[in-house]
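Here the structure comes first, spelled out in structure tokens, and everything after it is commentary.
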Protein chains: 2
Amino acid sequence: MVRKTKLDAELTRQRIIDAAREVFLARGVSRSTLEHIATRAEVTRGAVYWHFKNKTEIFHAIRDQVFLPLIDRMDDTLTVENSDDPLTQIENSLCDTIHELNNNIQMRQTYEIMMMKCEYVDEFATVLQQILNNCSSITDKFELAYKRAKSKKILAGPHTPRALALDTHLFFSGLLHMWVKDTDGSKFRFQATVLIKSHIQLRRK
Amino acid sequence: MVRKTKLDAELTRQRIIDAAREVFLARGVSRSTLEHIATRAEVTRGAVYWHFKNKTEIFHAIRDQVFLPLIDRMDDTLTVENSDDPLTQIENSLCDTIHELNNNIQMRQTYEIMMMKCEYVDEFATVLQQILNNCSSITDKFELAYKRAKSKKILAGPHTPRALALDTHLFFSGLLHMWVKDTDGSKFRFQATVLIKSHIQLRRK
DNA sequence: TTATATACAAACATGGATGTATGTAAATAA
DNA sequence: TTATTTACATACATCCATGTTTGTATATAA
């Protein structure tokens, strides 16, 4: 039995992606061979080359499957404009992402790969620009939310929404990095939401 | 002329390290060959294997040369206990690191390699633990400084020194990551010190 | 029903990286 | 002065990953 139905083919494609994610995580992207991935997916390299041009294409497939939905989701939480508590809105968008990291294995693995198991050179360098762009966009959303918070007079101190947004973005960026690195959970994973609440609390009047 | 004097040998060793740093930066650690490094250093692989066991050992040499002094330096700035303004002390320690990143090419390159051009698996995984440990230690230093600030009554709000320290650490961790990624400087590099001052200002009564 | 395209497996060909072994001229020790 | 290291360069052997080509059974279209 060689030739599969279209649905079967789609299943093996997904199996290859899943296998690649786990192999990447364990061995790092550059040390992972297509043979490793194929074996883990219980196919041959022939199947892998049928579905993907090369390793880079698998990498992007993994990334797109997890990151594109996540960005949309974060956007959604932040963009609601008629919230009566924009600070809680920011807090929720951050906690929501952490919550996803905790519960969604694929997402956790993907984050770990992107942050610690790949090298941003050549073909991968373009990914960096995308990351930068997403960061800008998220920071802008934070700023808008802080503006709304300011007009509602719930902000402590005289700080500009822009400065607060940048600070929050850097805080969260750092938190994500530490969350991912802290694989035993002792230092950051277990108290991530507490840290977020505390960060927001700093801004509340 | 083959055999060199001891001083000459030390020079070629350093040339190999410098070459490796630039090759790692351009090609990523795993795609960098000892041949690449040797060529750039204007020696042969023979010389490289004479001075280093393998690529990993070069990697550690690069790291140690830059990071060990940096950590000491940050410790020094933070540990002075009789400062009359602990908040400025924290601010200075952060700004000082950014200043070093701006002025010290080797340090900048090394940071970039560690953050974006290597994969933390196998032999490199141990480096991660070191990073985590350094982070804990720095956070502890922050906490002590914030405690001093609290006892001097210059802190705004009711927040604990521990929470403030963690928040600052995450902020700075994020800043370093973004600083490194922002290679054209437009988004973070040029305004890093402003962001730091603003972050500290948030805490000042 | 037959022809063709699909979804792979298996085989092949190539290049490149690693580590080691060997060679060697000069520095240094004795 | 001679013997012995030292600091490399050169040559060799091995392995491994990649990409491509070929083969093939079957799903699907006509």
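Per chain, numbering begins at 1; letters A, B, ... match sequence-line order.
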key: DNA chain D-proximal residues of residues 118-126 of chain A, any heavy atom under 4.0 Å   = none

query = Over how many whole Å does the gap from A/R27 atom CZ to D/dC16 atom C1' extend?
reply = 12 Å

request  = For A/H159, check side-chain contact (heavy atoms from CB on, under 4.5 Å) against everything at least two apart and list the hits.
outcome  = A/L164, B/Q201, B/L202

ask   = Does B/K197 reach the main-chain N or O of B/C95 with its side chain, forming a donor-acceptor pair under 3.5 Å?
value = no

key: Pairing residues for B/F172 by the ring pair (Phe, Tyr, Trp, His ring centres under 6.0 Å) criterion, not counting sequence neighbours   = none

Residues from residues 29-44 of chain B lying under 4.0 Å of DNA chain D - heavy atoms = B/V43, B/T44

inquiry  = Please report the distance, rounded to the nearest Å, between CG in A/D8 and P in D/dA27.
reply    = 9 Å

task = Using side-chain contact (heavy atoms from CB on, under 4.5 Å) as the criterion, list what pairs up with B/R162, not counting sequence neighbours.
result = B/T139, B/D140, B/E143, B/T160, B/L166

Considering only distance and modelled atom types, tabulate donor-acceptor pairs under 3.5 Å from the side chains of residues 60-72 of chain B, sequence neighbours left out.
residue: B/H60; atom: ND1; partner: B/T56; partner atom: O; Å: 3.1
residue: B/R63; atom: NH2; partner: B/Q130; partner atom: OE1; Å: 3.3
residue: B/Q65; atom: OE1; partner: B/Q14; partner atom: NE2; Å: 3.2
residue: B/Q65; atom: NE2; partner: B/Q14; partner atom: OE1; Å: 2.9

inquiry  = Test of understanding: with ring pair (Phe, Tyr, Trp, His ring centres under 6.0 Å), list the residues that count as partners of A/H51, not counting sequence neighbours.
reply    = none

note = Atom CD of A/E10 and atom P of C/dT6 are separated, to the nearest Å, by 15 Å

query = NZ of B/K6 versus C1' of D/dT6: gap in Å, rounded?
reply = 9 Å

query = Would you say B/K4 reaches D/dA7's phosphate, i.e. side-chain N/O to OP1/OP2 under 4.0 Å?
reply = no

note = ring pair (Phe, Tyr, Trp, His ring centres under 6.0 Å) pairs touching residues 125-144 of chain A, sequence neighbours excluded, are none

message = Listing request: all salt bridge (Lys or Arg N to Asp or Glu O under 4.0 Å) pairs with a residue in residues 97-121 of chain A, at least two apart in sequence or in separate chains.
response = A/R73-A/E100

request  = List in chain and number order the residues that pass ring pair (Phe, Tyr, Trp, His ring centres under 6.0 Å) with B/H36, two or more places apart in sequence or in another chain; answer none if no residue qualifies.
outcome  = none

ask   = Which nucleotide in the list D/dC8, C/dA27, C/dA7 gets nearest to the side chain of B/T5?
value = C/dA27

ask   = Under 30°, 30 to 60°, or over 60°: which ring-plane class applies to A/F59 and A/F124, parallel, tilted or perpendicular?
value = perpendicular

message = Using a 4.0 Å cut-off on heavy atoms, which residues in residues 45-58 of chain A reach DNA chain D? List them by number, or say none.
response = A/R45, A/Y49, A/K55

query = Residues two or more places apart in sequence or in another chain: which of them pass side-chain hydrogen bond (donor to acceptor under 3.5 Å, both in side chains) with B/R148?
reply = B/Q89

